Amino acid sequence: MLKNDSQSHAGRRQFLRQVSRTGMAVSGAALSRTVLAGTSSQQALASPTTQEGWMKAPWQAAQAIVDRFQNKLMFRDEDFLITQFGAKTCALRQVLAWKSFEEQGELASPVADADDCYQAIAAAIQACHQAGGGRVVVPKGNWYCAGPIVLLSNVHVHLQAGAHIYFSHQPADYAKYGNVDCGERGRLVISRWQSNDCLNYSPMVYAFGQTNIALTGEDWTSVLDGQGGVAFNDDGDCWWTWKGKQRTINSIGQGTIPNAKAGKMSENAVNSLNARALSELIPISESQAKLIQGEGERWRADAAYLPALSEAGIPLPKRVFGQGHFLRPPLIQLIGCDKVLLRGYQAKDSPFWVHHPVNCRDLKLEKVLANSHGPNSDGFDPEACEYVLVESCTFDSGDDCIAIKAGKNRDTQYGPSQHIVIQNCTMQSGHGAITLGSEMAGGIQHIYAQNLLFENKNWATNPLNIAIRLKTNMNRGGFLRHFYVRNVTIPNGVQLSPSYYAFLPNSPFAAKTVASAAGAVVVFDCDYAPVADNVRIRPPEVRNIHLSNVKVGNVSAKSGSYSCYQAIVILGPVASDYNGAKPMPAVLPVSNVQIENCDFGQTVNQTQAMFLYNVKGLQLKNVRINGKVLDQTIDS
């Protein structure tokens with residue numbers, strides 16, 4: 001019998017809290033059953049909030065989510081200043097660092113012998129927690145922290161105006177304090193990297209299985225600085241170097257990786273620490289191993305090896321990364337937490353994703369500036385979370401501004417991301433302003449975005465690639481349904497030139513013919529980066545999407561005044577990509593997409609302002625493209 005929604009969440013989080021207290025003092029079998037199996041997507045969907053009422057009145061449903069956050073989190077009225085626990089401010093120096101993919105410049109960074117306030121912050125949080133809660137205060141000043149800030153239940157960590165925490169840029173400092181001893185790989189934490197479970201470097205701010213927690217600042221002079229572009233060795237390598245090879249064709253303002261060179265170790269280079277064959281780790285058939293590993297040794301690079309472990313059903317205790325590996329941690333990662341407030345600070349120069357809550361419930365992100373222009377610097381990536389409100393934030397990102405996730409490969413135990421509202425936010429540079437996927441195997445539903453400004457202020461040098469974006473493919477699979485967007489202003493358009501992904505050899509499309517990587521205002525891409533995934537057995541389902549009142553302005557380029565390369569790209573699932581057992585599952589078209597009362601401005605591509613493939617029932621109502629009003633229903 002299926003548990004109800006609240007029971008399933010309570011059970012998962014109770015286990016998470018147990019693991020948080022005891023570390024890995026639980027058998028590998030039990031851990032793999034509970035953390036890697038958990039409650040299925042189908043169980044998570046057995047909720048009254050998924051009934052027809054949500055479909056009939058979407059913006060009433062959105063308001064109900066907003067109303068959940070009217071009651072503020074409550075904390076004991078006691079302050080714990082980190083200076084009372086021995087923290088001292090640090091002196092700064094100017095260093096040559098990477099500010100983005102392609103720009104170097106002088107940045108402030110702590111001096112080499114700076115006082116480390118890691119222990120003082122940890123002691124203050126522990127004392128606050130043991131006292132029953134309260135507020136841990138970081139006063140104005142510059143603070144060097146050579147280790148993670150680990151949040152605990154009923155603790156509110158607050159940065160005063162002018163408080164700037166510089167996290168160590170040395171990877172080894174995030175393999176010292178985790179509660180899982182992995183020998184030469186370091187003391188690591190239970191984490192997720194691109195939606196796959198692993199043991200890895202700790203994020204700079206971390207929480208696991210906690211409830212009633214807050215991280216706040218007074219304004220954007222309250223800074224959490226990951227120093228992602230500051231070199232950690234004499235060769236000039238930084239966290240961002242670990243990205244490795246850039247794959248997108250015609251990537252503007254993101255065409256190189258800081259200090260990356262051919263042959264240098266990265267997440268995309270074969271790592272000799274990884275097994276030479278999956279059969280070394282688990283009994284597996286030859287055919288299944290061949291499907292997962294693909295041709296050659298490319299699968300042994302860390303970024304491909306972790307998904308391969310998921311596909312093969314390797315349990316979490318054997319997914320050990322950390323030192324000697326190249327999977328960068330997020331700046332802020334919260335796993336299995338309830339009642340979370342993130343408000344009023346600037347998050348700067350993250351090694352990887354800026355905010356990554358996983359399996360969290362009742363989380364609010366408010367008045368935060370996510371300011372990170374490095375590789376994979378997504379601003380906010382809620383994964384398998386429910387009841388989330390993102391309000392009055394600004395995102396200036398090196399990757400997607402907001403990207404909603406829901407597991408990858410077989411790591412779908414936390415179910416879908418659902419019941420999320422995004423409102424009154426501003427987006428600047430980035431791959432996508434509002435993005436769903438690409439890691440979405442557990443499904444995404446009931447997402448509401450309204451009253452947004454996609455300002456794209458860096459349009460001339462580092463433009464917003466796409467405004468409203470979906471990314472999935474035959475590997476990522478999953479579903480997207482009930483996605484509603486209204487009242488979006490895009491005064492400076494999006495990227496005016498097309499960017500592409502490589503297609504598989506048997507693709508129905510010729511190379512560089514589908515601008516799904518950048519250049520369109522709206523992109524639903526169900527064939528996202530297909531060559532990156534060896535296993536392609538999960539056709540995605542995309543339906544019930546409504547966009548209204550999207551207004552796109554033109555900018556003056558050398559060849560004329562334009563808003564985008566194309567207005568709309570809807571690339572439905574591509575059946576020829578499938579490489580699993582026969583019979584092939586149903587490959588459904590993108591269906592029931594309604595776009596109304598929108599003006600997409602002037603497209604550079606005048607002959608094909610829209611690209612559509614495997615689409616059924618695209619309804620355009622009062623949609624203006626190149627000055628022409630469209631009212632029609634299209635199947636393609």
Side-chain angles (χ1 to χ4, degrees), residues 90 92-111 114 138 142-149 159 162-171 173-174 201-206 215 217 219-233 236-243 253-254 256-260 266-267 326-333 342 344-356 365 368-381 393-403 427-431 458 461-462:
C90 67
L92 303 177
R93 58 178 174 170
Q94 293 294 307
V95 298
L96 181 64
W98 293 91
K99 295 183 175 181
S100 68
F101 283 80
E102 298 175 325
E103 180 188 1
Q104 281 186 293
E106 295 285 323
L107 290 178
S109 183
V111 296
V138 181
N142 297 313
W143 309 91
Y144 174 62
C145 188
I149 293 176
L159 280 66
H164 191 135
I165 298 177
Y166 291 88
F167 287 102
S168 167
H169 55 288
Q170 294 291 337
D173 288 329
Y174 302 95
Y201 294 104
S202 175
M204 281 74 186
V205 178
Y206 181 69
L215 175 65
D219 56 35
W220 291 347
T221 67
S222 307
V223 182
L224 298 163
D225 193 335
Q227 298 202 92
V230 177
F232 56 66
N233 62 21
D237 296 331
C238 61
W239 282 113
W240 293 343
T241 305
W242 288 6
K243 168 65 176 178
Q254 303 156 351
T256 62
I257 299 299
N259 214 47
S266 72
E267 67 187 53
F326 300 91
L327 301 185
R328 295 161 287 149
L331 182 66
I332 300 167
Q333 186 174 65
L342 305 171
Y345 54 81
Q346 178 182 172
K348 184 176 184 294
D349 293 348
S350 174
F352 193 62
W353 295 348
V354 180
H355 299 86
H356 184 205
L365 183 79
V368 165
L369 170 61
N371 178 22
S372 186
H373 277 240
N376 304 106
S377 286
D378 294 16
F380 182 61
D381 291 38
C393 294
T394 296
F395 299 91
D396 204 353
S397 304
D399 206 311
D400 295 320
C401 295
I402 294 177
M427 283 70 170
Q428 301 295 355
S429 299
H431 290 183
N458 305 309
T461 57
N462 187 14

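Index from 1, following the sequence. The shown structure was predicted, so the numbers you read here are calculated from the model rather than taken from an experiment.
- Counting only heavy atoms from C-beta outward, the side chains of Pro171 and Trp242 approach each other to under 4.5 Å.
- In this structure a side-chain-to-backbone donor-acceptor pair under 3.5 Å is missing from His164 to Thr221.
- Here the closest non-hydrogen pair linking Ser202 and Pro148 is OG-CB, 3.3 Å.
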Please assess His355 against Leu365 for the test side-chain contact (heavy atoms from CB on, under 4.5 Å), listing each intermediate value before the final yes or no.
CA-CA 10 Å; His355 299 86; Leu365 183 79; 4.0 Å; yes

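- Inter-residue side-chain proximity for Arg328 and Asn376 is flagged as met; some heavy-atom pair is nearer than 4.5 Å.
- Counting heavy atoms from C-beta outward, Trp240 and Ser100 have side chains that stay 4.5 Å or more apart.
- No side-chain donor-acceptor contact under 3.5 Å links Ser397 to the backbone of Gly430.
- For the pair Pro375/Pro258, a side-chain contact is recorded, criterion being any heavy-atom separation below 4.5 Å from C-beta on.
- For the residue pair Thr394 and Trp220, the shortest heavy atom distance occurs at OG1-CH2, 3.5 Å.
- Using a 3.5 Å distance cut-off with no hydrogens or angles, the side chains of Asp237 and Asn259 do pair a donor with an acceptor.
- A pairwise comparison of heavy atoms in Gly398 and His431 identifies O-NE2, 3.5 Å as the closest pair.
- Taken to the nearest 0.5 Å, the SG atom of Cys145 stands 14.0 Å off from the OH atom of Tyr166.
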Test log, rule side-chain contact (heavy atoms from CB on, under 4.5 Å), inputs Val354 and Phe380:
CA-CA 6 Å; Val354 180; Phe380 182 61; over 6 Å; no

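- For the residue pair Glu103/His373, the side-chain donor-acceptor check at 3.5 Å is not satisfied.
- At least one side-chain heavy atom of Ser109 sits less than 4.5 Å from a side-chain heavy atom of Gln227.
- Once rounded to the nearest 0.5 Å, the distance linking NZ of Lys348 with CG of Leu224 reads 12.0 Å.
- Using modelled atom types, one side-chain atom of Gln170 and one backbone atom of Phe232 make a donor-acceptor pair closer than 3.5 Å.
- Residues Gly236 and Thr241 approach most closely at O-OG1, 4.4 Å, considering heavy atoms.
- Atom CZ in Phe167 sits 6.0 Å away from atom CG in Leu331 (nearest 0.5 Å).
- Atom CG in Leu215 sits 5.5 Å away from atom CD1 in Ile332 (nearest 0.5 Å).
- Ser372 places no side-chain N or O within donor-acceptor distance of the main-chain N or O of Ser377, the cut-off being under 3.5 Å.
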Can Ile257 and Phe101 be said to form a side-chain contact (heavy atoms from CB on, under 4.5 Å), step by step?
CA-CA 5 Å; Ile257 299 299; Phe101 283 80; 3.9 Å; yes

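- The shortest distance between side-chain heavy atoms of Trp239 and Pro329 falls below 4.5 Å.
- Under the 4.5 Å side-chain criterion, counting only non-hydrogen atoms from C-beta, Leu327 is not in contact with Tyr201.
- Note that CG of Asp400 is 5.0 Å distant from CG of Asp378, once rounded to the nearest 0.5 Å.
- When all heavy atoms are compared, the tightest approach of Pro351 to Met204 is CG-CE, 3.4 Å.
- Going from atom CD of Gln254 over to atom CG of Asp399 covers 7.5 Å, rounded to the nearest 0.5 Å.
- Residues Leu107 and Asp349 meet the side-chain proximity criterion, which asks for heavy atoms closer than 4.5 Å.
- In terms of heavy-atom proximity, Leu92 sits nearest to Ala108 at CD1-CB, 4.1 Å.
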Apply side-chain contact (heavy atoms from CB on, under 4.5 Å) to the pair Asp396 and Asn458, showing each step before the final yes or no.
CA-CA 10 Å; Asp396 204 353; Asn458 305 309; 3.6 Å; yes

